[in-house]
Enquirer: 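Before anything else, here's the structure in question.
Numbering of ligands and ligand atoms starts at 1, following listing order.
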Amino acid sequence: MKIFEESKNLKSAIKKLKTKELTIGFVPTMGALHAGHISLIKSCKSQTDITICSIFVNPTQFNDKTDFEKYPATLENDIHLLEKAGCNILFIPSVEEMYPKGFANSNKINFSFLANTLEGEHRPGHFDGMAQIVEKLLTIVQPDFLFMGLKDFQQQLIVSKLIQVRKLGTKLIAIDTKREKDGLAMSSRNVRLDKKNRTLAAEISKTLKWVKSKIKLVKNVDDLMAIQKKGLNKLSSYKEFEVEYFEIRNAKTLKRPRNLTEKMVVLVAAKIGGVRLIDNMLVN
Ligand code: AMP
């Protein structure tokens, strides 16, 4: 695996690969890699000639300073996991490399409701920062395929819009959420949970599953609100959880469903022991 720290060196390596007509797949990450990330690398490898991964903990997408400071960094192990998974190129730029002095985020895309609701409501500025760095990375890597996790459901919807608005010519491929045996969605933040909270954290996916099973039985769209409320109450009944939202939404627009034929997703964000976890499940 080749490692690049500077975008100009990475760009010239990619240029050479493109002249050989090799297809390029890209997996952007913030490191502290786990089996969820590796499943993206494996999907990428099976569908493209060259797999490029990036590790960059993007400061502009953290609205919470402590979350940024406590974000786990495990570069040596990440490199080992990527090599084992057969990743071809790793890009690990510095903050200065991605945000040169005097750089301003002008020409922002207005994602409107898609970025203002749910995560956008609870993490102001998060999606502006995320879109900014993903656009920068896509401009450098110019991949044929971009692999992202459904775990960050709202994120992949926004990136899909970004690709469309900027006409980036990359095909986004969304990959299912990889879970622990008890159902907890794998996340770099899980290592910050103590033993008791780690056990309890499985209630998030259990509640999503329960709500999903109830939605399937619904005959009237107005009954969705009651199910959503039950889901929220179920999770909130544990004093350890501070639930930020628990919502049933349209899986494309993130608006509240008005019709039972719409594709739906149940999304949740909850803090437990100071660790903020998100998860979601598609219903139909
Ligand atoms: P992150 O390092 O958290 O920014 O995640 C990098 C990519 O991995 C994003 O596209 C995430 O959606 C994806 N990802 C994170 N956790 C999982 C998981 N448990 N299963 C599948 N993909 C994931």
Enquirer: Please confirm whether D176 comes under 4.0 Å of ligand 1, counting heavy atoms of the residue only.
Expert: yes

Enquirer: In ligand 1, which numbered atoms sit nearer than 4.0 Å to a non-hydrogen atom of M186?
Expert: 16 (N), 17 (C), 18 (C), 19 (N)

Enquirer: Give the atoms of ligand 1, by number and element, whose distance to some non-hydrogen atom of M148 is under 4.0 Å.
Expert: 10 (O)

Enquirer: For Y71 and F62, take the angle between the two ring planes, folded into 0 to 90°, and tell me which bin it lands in: parallel under 30, tilted 30 to 60, perpendicular over 60.
Expert: perpendicular

Enquirer: What part of Q156, side chain from CB on, backbone N/CA/C/O, both or neither, has a heavy atom under 4.0 Å from ligand 1?
Expert: neither

Enquirer: Take a 6.0 Å sphere around NZ of K45 and say whether it holds more than 12 heavy atoms from other residues, nucleotides or ligands.
Expert: yes

Enquirer: Under 4.0 Å from a heavy atom of T177: which atoms of ligand 1 are those, numbered in the order shown and with their elements?
Expert: 19 (N), 20 (N), 21 (C)

Enquirer: When you compare ligand 1 with T29, is there at least one nitrogen or oxygen pair between them that comes in under 3.5 angstrom?
Expert: no

Enquirer: Using a 3.5 Å distance criterion without hydrogens, assess whether the side chain of N58 forms a donor-acceptor pair with backbone atoms of G129.
Expert: yes

Enquirer: Side-chain donor-acceptor pair under 3.5 Å between Y238 and N197, yes or no?
Expert: no

Enquirer: Using heavy atoms and a threshold below 4.0 Å, how should the contact between H37 and ligand 1 be classified: side chain, backbone, both, or neither?
Expert: side chain

Enquirer: One residue to check: Y71. Relative to ligand 1, which of side chain, backbone, both or neither has a non-hydrogen atom less than 4.0 Å away?
Expert: side chain

Enquirer: Which residue and atom name correspond to the protein heavy atom nearest atom 11 (C) of ligand 1, and how close is it?
Expert: D152 OD2, 3.1 Å

Enquirer: Show me which atoms of ligand 1 lie under 4.0 Å from any heavy atom of L40.
Expert: 7 (C), 8 (O), 10 (O), 13 (C), 21 (C), 22 (N)

Enquirer: With the threshold set at under 4.0 angstrom, would you say H34 reaches ligand 1 through any of its heavy atoms?
Expert: yes

Enquirer: Could you tell me whether some N/O pair between S187 and ligand 1 is separated by less than 3.5 angstrom?
Expert: no

Enquirer: Under 4.5 Å between side-chain heavy atoms, chaining through other members, with only Ile, Leu, Val, Met, Phe, Trp and Tyr counted: pull out the rest of the cluster around V27, sorted by chain and number.
Expert: M1, I3, L33, I38, L40, I41, I55, L75, I79, L81, L82, L90, I92, F145, F147, I173, I175

Enquirer: Over all heavy atoms of both residues, which pair between V243 and L232 is shortest? Give the atoms and the distance, please.
Expert: CG1-CD1, 3.6 Å

Enquirer: So which protein heavy atom does atom 4 (O) of ligand 1 come closest to, and at what separation?
Expert: M30 CG, 3.6 Å

Enquirer: Any idea which heavy atoms bring A32 and P72 closest together, and the distance?
Expert: CB-O, 3.5 Å

Enquirer: Considering only NZ, NE, NH1 and NH2 on the basic side and carboxylate oxygens on the acidic side, decide whether K271 and D67 come within less than 4.0 Å.
Expert: no

Enquirer: Once side-chain hydrogen bond (donor to acceptor under 3.5 Å, both in side chains) is applied, what residue pairs with a partner in residues 126-146 remain, sequence neighbours excluded?
Expert: T60-Q132, E135-R166

Enquirer: Does E242 come within less than 4.0 Å of R276, counting only side-chain N to carboxylate O?
Expert: no

Enquirer: If the contact criterion is a heavy-atom separation under 4.0 Å, does F56 count as touching ligand 1?
Expert: no

Enquirer: For atom 20 (N) of ligand 1, what is the closest protein heavy atom, and at what distance to 0.1 Å?
Expert: K178 N, 2.8 Å

Enquirer: What is the nearest protein non-hydrogen atom to atom 10 (O) of ligand 1, stated with its residue, atom name and distance?
Expert: G149 N, 2.9 Å

Enquirer: Going by an N to O cut-off under 4.0 Å, is there a salt bridge joining R179 and D279?
Expert: yes

Enquirer: Identify the protein heavy atom lying closest to atom 23 (C) of ligand 1, giving its residue, its atom name and the separation to 0.1 Å.
Expert: K151 CB, 4.1 Å

Enquirer: Does A185 reach ligand 1 with a nitrogen or oxygen that is under 3.5 Å from one of the ligand's nitrogen or oxygen atoms?
Expert: no

Enquirer: Would you check whether F147 has a nitrogen or oxygen atom less than 3.5 angstrom from a nitrogen or oxygen atom of ligand 1?
Expert: no

Enquirer: Measure the distances from the heavy atoms of P28 to every atom of ligand 1 and state whether one is below 4.0 angstrom.
Expert: yes

Enquirer: What's the shortest heavy-atom distance between R258 and V221, and which atoms?
Expert: C-CG2, 3.5 Å

